[in-house]
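Let me give you the structure first, and then I'll get to my questions.
Remember, it's 1-based here, ligands and their atoms both numbered in the order they're listed. Because only heavy atoms are used, hydrogens play no part in the values below, and waters and symmetry mates are left out as well, while side chains stay in. A quick note: this is a predicted structure, and the numbers were derived from the prediction, not measured.
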Amino acid sequence: MTGKTEKTVRTTCPYCGVGCGVLATPHADGSVTVAGDPHHPSNFGRLCSKGSALGETLSLDDRLLYPEISGKRSDWDTALDLVAKRFSDAVAEHGPDSVAFYVSGQILTEDYYAANKLMKGYIGSANIDTNSRLCMASSVAGHRRAFGTDTVPGTYEDLEQADLVVLVGSNLAWCHPVVFQRLEAAKAANPAMRVVVVDPRQTATCAIADLHLALKPDTDVALFNGLLAFLVEAYATNDQYINSFTEGFKEAVQVAGPCEIGLIAEKTGLSRQDIALFYKMVLKTEKTVTLYSQGVNQSVVGTDKVNAIINTHLATGRIGRPGMGPFSITGQPNAMGGREVGGLANMLAAHMALENPHHRQIVQEFWNSPEMASKPGLKAVDLFKEIRAGKIKALWIMATSPVDSLPDADSVAEALEICPFVAVSEVTRAADTVRYADVLLPAAAWGEKDGTVTNSERRISRQRSFLDLPGEVRPDWWQITQVARKMGFGAGFAYEDPAAIFREHAALSDYKNGGTRDFDIGAYRTVSGTTYDALAPFQWPQEFGTEARETRFFSKGGFFTEGRKGRFVPVSYQAPRKRERTYPFTLNTGRIRDQWHTMTRTGKTPRLTSHIAEPFAELNPDDAARLGIQAADLVAVKSPHGGVAVRALVTERVKPGEVYVPMHWTDQFTSLGRVDAVVAPETDPHSGQPGSKFTPVSVTKLEMAVYGFAVLRNRPDAVPADYWAIAPVPGGYRLEFACRETVDTNVLAARLAGTGANDRSGIEDPAAGWSRQAFWKDDTLQAAVYFSKEPVEVSRQWACGLLTAGALTSCQRSQVLAGRAPSDRPDPGATVCSCFQIGCNQIAAAAREGATTVKAIGDVLEAGTNCGSCRSEIQALLDEITKENPNETKIAQAG
Ligand SMILES: Nc1nc2c(c(=O)[nH]1)N[C@H]1C(S)=C(S)[C@@H](COP(=O)(O)OP(=O)(O)OC[C@H]3O[C@@H](n4cnc5c(=O)[nH]c(N)nc54)[C@H](O)[C@@H]3O)O[C@H]1N2
Ligand SMILES: Nc1nc2c(c(=O)[nH]1)N[C@H]1C(S)=C(S)[C@@H](COP(=O)(O)OP(=O)(O)OC[C@H]3O[C@@H](n4cnc5c(=O)[nH]c(N)nc54)[C@H](O)[C@@H]3O)O[C@H]1N2
Ligand code: SF4
Ligand SMILES: [Mo]
């Protein structure tokens with residue numbers, strides 16, 4: 001990796017949909033410094049833990065640098081010829097619907113535009129779908145039902161200006177940390193502001209909640225239908241808004257039924273008091289924002305959840321004005337850009353509708369397209385079912401790892417085995433889906449590519465390159481353009497740079513628009529390369545001839561339905577599936593603070609893996625006791641589709657009957673941790689989005705004869721154990737493992753330690769079943785391996801520190817075998833603050849010394865003072881230490 005210059009470049013973070021501006025400075029030694037861009041209107045200089053660690057994730061380890069065919073190095077011409085030929089042959093023999101693209105909300109708008117144009121306008125099929133199907137599809141469907149188009153009406157500022165923020169199915173503190181920090185700061189400045197969290201689980205986000213509604217999974221529609229009825233019965237609706245700008249109100253109210261708090265309490269499992277309190281807060285507060293994310297979208301009733309929420313905002317007219325509105329926050333950096341170019345199988349470019357013949361005509365005319373798709377293509381889950389059934393002959397996957405992230409993931413892997421031709425564009429070799437590629441196309445990564453992304457508040461920002469392209473990697477837009485040309489579509493794909501694509505995209509958005517469509521960035525339809533290079537972040541719409549400005553939608557109607565009215569959508573509550581005897585738990589899945597999806601980038605840096613280094617299942621203490629599971633035991637979580645083996649994390653944060661497993665771990669980091677192998681492939685009937693947060697599962701203790709923990713200088717080629725999980729640490733790796741049968745600990749330890757040591761020491765007590773072994777190169781530790789009959793109780797933070805401790809004295813060497821930190825260096829405990837590597841024991845100690853606020857902890861330990869992502873966890877720790885029941889006091893304050 002080499003920097004182009006030492007010049008600081010303004011770019012945008014490649015992770016979440018907050019879309020923070022980043023200042024990146026490459027240095028001559030290959031390192032890159034990153035800082036928040038103080039001028040970017042999304043973050044004003046802030047970055048979260050993932051953004052702050054970006055510079056540490058850019059190494060070329062495991063990077064794909066050259067095209068490969070069947071696992072052998074090739075060259076671009078041969079590889080692209082083959083892709084073009086296999087697609088053209090399949091189309092010629094089996095028709096356009098026999099091929100497909102599966103793309104991602106992590107490619108840039110220019111990449112996405114080209115892919116969508118090639119499939120829908122030139123190949124003539126709508127078989128292009130994207131991982132946004134797993135992410136935003138229910139919001140898209142809900143928006144289109146209510147607004148006639150996929151529009152997010154508000155802005156981030158609304159959250160700051162609101163007096164009530166309702167977070168539904170969103171762990172904002174961990175998943176959109178910078179927006180969370182903006183909210184936190186606004187709440188501190190406005191003591192009247194209230195925050196309500198609606199989530200079955202107690203999350204880090206609850207640290208700022210005045211009220212946490214831990215409802216039963218998938219009962220949100222009952223809660224929001226009840227709210228609509230409550231507002232109607234309290235005469236709190238905005239009749240002028242309803243009458244002038246909307247339709248369908250009466251029917252929606254009728255279907256929602258009367259507000260019977262007792263019944264709602266029964267359905268949702270919430271107390272009557274909490275429900276009444278919540279409803280009254282909404283009633284009283286004009287400036288209400290309801291922000292929602294995957295607890296809403298990823299559900300078989302996701303679209304209904306979205307409309308149940310939107311109905312309450314239409315009924316009160318609280319939409320599109322400062323401080324109010326329904327707000328679907330996006331996950332990926334370019335989820336919105338993908339929607340703008342029509343990357344979903346049922347959409348058309350520039351927010352036009354595939355099912356609308358007039359729209360199809362506009363796009364075909366503009367593209368001068370030979371063959372337009374005329375019916376929706378296959379949505380992701382169906383697409384992979386069809387692939388498995390042999391119907392799809394050629395598939396191109398780009399910037400997503402379906403064998404990890406799609407439900408019923410083992411069947412997805414089988415589908416890829418069956419598919420006659422699979423091309424994968426990727427940046428890394430260490431991604432599970434790469435195994436299934438016939439052709440591997442090395443893609444340019446963040447820092448190497450140029451283009452635009454759109455964040456959750458419709459703000460378009462530039463990603464700019466500041467590194468040279470390593471090896472032969474090429475950006476995704478280039479790959480698509482080349483294949484299109486080789487398929488004979490050169491005239492439509494004459495682009496020489498991303499600016500040319502952006503210009504065309506902008507021109508299409510204003511082509512025959514005249515205010516009939518929400519997405520309009522006509523102001524950029526003639527943008528020059530230089531202006532594009534210097535493009536400052538702007539919000540859409542920005543019509544031709546207008547200046548960039550702050551924009552909101554629908555305060556005075558102007559919806560994009562036929563009659564320009566907003567639509568109330570009647571939604572009836574459907575009780576979630578009952579738990580069966582064999583699968584008595586509900587599996588909930590999602591994210592953790594410091595990892596990004598399948599960890600191909602965030603899993604590379606010790607700073608980010610130090611927060612949580614192993615896959616886990618959060619289990620309620622009552623369930624754990626009943627099942628004979630203790631903290632740190634290993635458990636199997638299984639459904640009829642598949643299973644995972646993960647560490648038990650026994651916690652009150654989840655309710656009895658529920659279990660939470662993160663989505664991040666793949667075969668690259670653990671033995672059996674791909675949670676989507678367990679998730680059922682059931683989808684919402686309107687959006688096709690899978691219900692990734694609700695799968696009936698069983699949970700059982702895994703009986704292990706031997707447990708182990710090791711710190712290793714080098715990563716072993718294979719771990720001969722039934723369970724293992726590995727993570728990088730400074731100077732090497734940490735490894736957790738366990739074996740069902742007893743093992744020869746000497747042999748296993750030596751296998752893990754690998755070569756490189758010239759000395760070995762060890763102690764063991766075979767009767768008690770433990771053994772500890774250390775491998776040395778002179779006096780420097782190469783590996784320390786600990787075995788026990790029970791989960792190993794060695795301080796992880798201390799042991800990991802041994803790899804960077806250099807040469808050790810004989811006294812220190814004996815401490816390694818004792819498995820204990822010396823008393824003058826107390827165990828810091830599990831890392832809470834990843835920026836300053838501060839552990840929970842250090843925070844507890846400081847709290848006992850009187851530092852009982854987050855600020856005081858920051859003053860003494862620095863923890864929480866850089867990116868701030870850990871502040872809600874510090875607060876939770878302090879609450880625990882000071883033995884305050886946060887929810888009770890906060891409810892009392894709010895009431
Ligand atoms: N650290 C980190 N941040 C990320 C990402 C990441 O991988 N790591 N990914 C990004 C992406 S692509 C996305 S889409 C976003 C996702 O951001 P979020 O949606 O905030 O994250 P999740 O953890 O998937 O799920 C949110 C919450 O939904 C709750 N939930 C489950 N079932 C229900 C239910 O029935 N009702 C309600 N009300 N809530 C429920 C879960 O308990 C969980 O706490 O995060 C983005 N940001
Ligand atoms: N059970 C469960 N499953 C889920 C979810 C859940 O909450 N629970 N969430 C769902 C959601 S919301 C999402 S968004 C998905 C995310 O799931 P995925 O999209 O599968 O996850 P990523 O790890 O982000 O995959 C991106 C891949 O693209 C590669 N890449 C990075 N940059 C580039 C580039 O510029 N070009 C190319 N060609 N490749 C690149 C990365 O190395 C990585 O392998 O998971 C979904 N699956
Ligand atoms: S909040 Fe964090 S991950 Fe999201 S864009 Fe900002 S820095 Fe990146
Ligand atoms: Mo997502």
Taking only residues at least two apart or on different chains, which pairs with a member in residues 45-61 satisfy salt bridge (Lys or Arg N to Asp or Glu O under 4.0 Å)?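 Qualifying pairs: Glu56-Arg607.
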
For atom NZ of Lys604, decide whether the heavy atoms of other residues, nucleotides or ligands shown that lie under 6.0 angstrom number more than 12.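 Enclosed: over 12 neighbouring heavy atoms sit under 6.0 Å from NZ of Lys604.
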
Counting only N and O atoms by type, is there a donor-acceptor contact under 3.5 Å from the side chain of Ser639 to the main-chain atoms of Val678? yes

Short list, please: which atoms of ligand 2 are under 4.0 Å from a heavy atom of Asn131?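 The list of qualifying atoms is 19 (O).
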
Kindly confirm or rule out an N or O of Glu426 lying under 3.5 angstrom from an N or O of ligand 2. yes

Do the rings of Trp174 and His611 sit parallel, tilted or perpendicular, given the 30° and 60° boundaries? perpendicular

In ligand 2, the atoms that come under 4.0 Å of a heavy atom of Cys135 are 12 (S), 14 (S)

Below 4.0 Å from any atom of ligand 2, is there a heavy atom belonging to Trp446? no

Is it the side chain (CB and beyond), the backbone, both or neither of Ala399 that lies under 4.0 Å from ligand 2, heavy atoms counted? both

So which bit of Thr400 gets within less than 4.0 Å of ligand 2, heavy atoms only: side chain, backbone, both or neither? both

Which atoms of the protein, restricted to N, O or S, are nearer than 2.8 Å to atom 4 (Fe) of ligand 3?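 Correct list: Cys16 SG.
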
Identify which one of Asn131, Asp129, Thr130 satisfies the side-chain hydrogen bond (donor to acceptor under 3.5 Å, both in side chains) criterion when paired with Arg133. Asp129

What's the shortest heavy-atom distance between Thr609 and Ala727, and which atoms? CB-CB, 4.0 Å

Report yes or no: does a heavy atom of Asp404 sit under 4.0 Å from some atom of ligand 2?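 No; Asp404 lies far enough from ligand 2 that no heavy-atom distance drops under 4.0 Å.
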
Which atoms of ligand 2 sit under 4.0 Å from any heavy atom of Lys693? 7 (O)

Could an N or O of ligand 2 be found under 3.5 Å from any N or O of Pro402, whether backbone or side chain?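 Pro402 vs ligand 2: no N/O contact under 3.5 Å.
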
Ligand 2 to Gln332 polar contact by distance, N or O atoms, under 3.5 Å: no

Please confirm whether Thr598 comes within less than 3.5 Å of ligand 2 when only nitrogen or oxygen atoms on both sides are compared. yes

Enumerate the atoms of ligand 2 whose separation from the nearest heavy atom of Lys449 is less than 4.0 angstrom. 34 (C), 35 (O)

Asp476, portion touching ligand 2 at heavy-atom distance under 4.0 Å: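 Answer for Asp476: side chain.
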
Angle between ring planes, Phe616 versus Tyr660, binned at 30° and 60°: parallel, tilted or perpendicular? tilted

Heavy atom of Ala444, distance to ligand 2 below 4.0 Å: yes

Below the 3.5 angstrom mark, is there an N/O of Ser425, backbone or side chain, next to an N/O of ligand 2?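 So ligand 2 has an N or O lying under 3.5 Å from an N or O of Ser425.
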
Counting only nitrogen or oxygen atoms and a 3.5 angstrom limit, does Gln106 reach ligand 2? yes

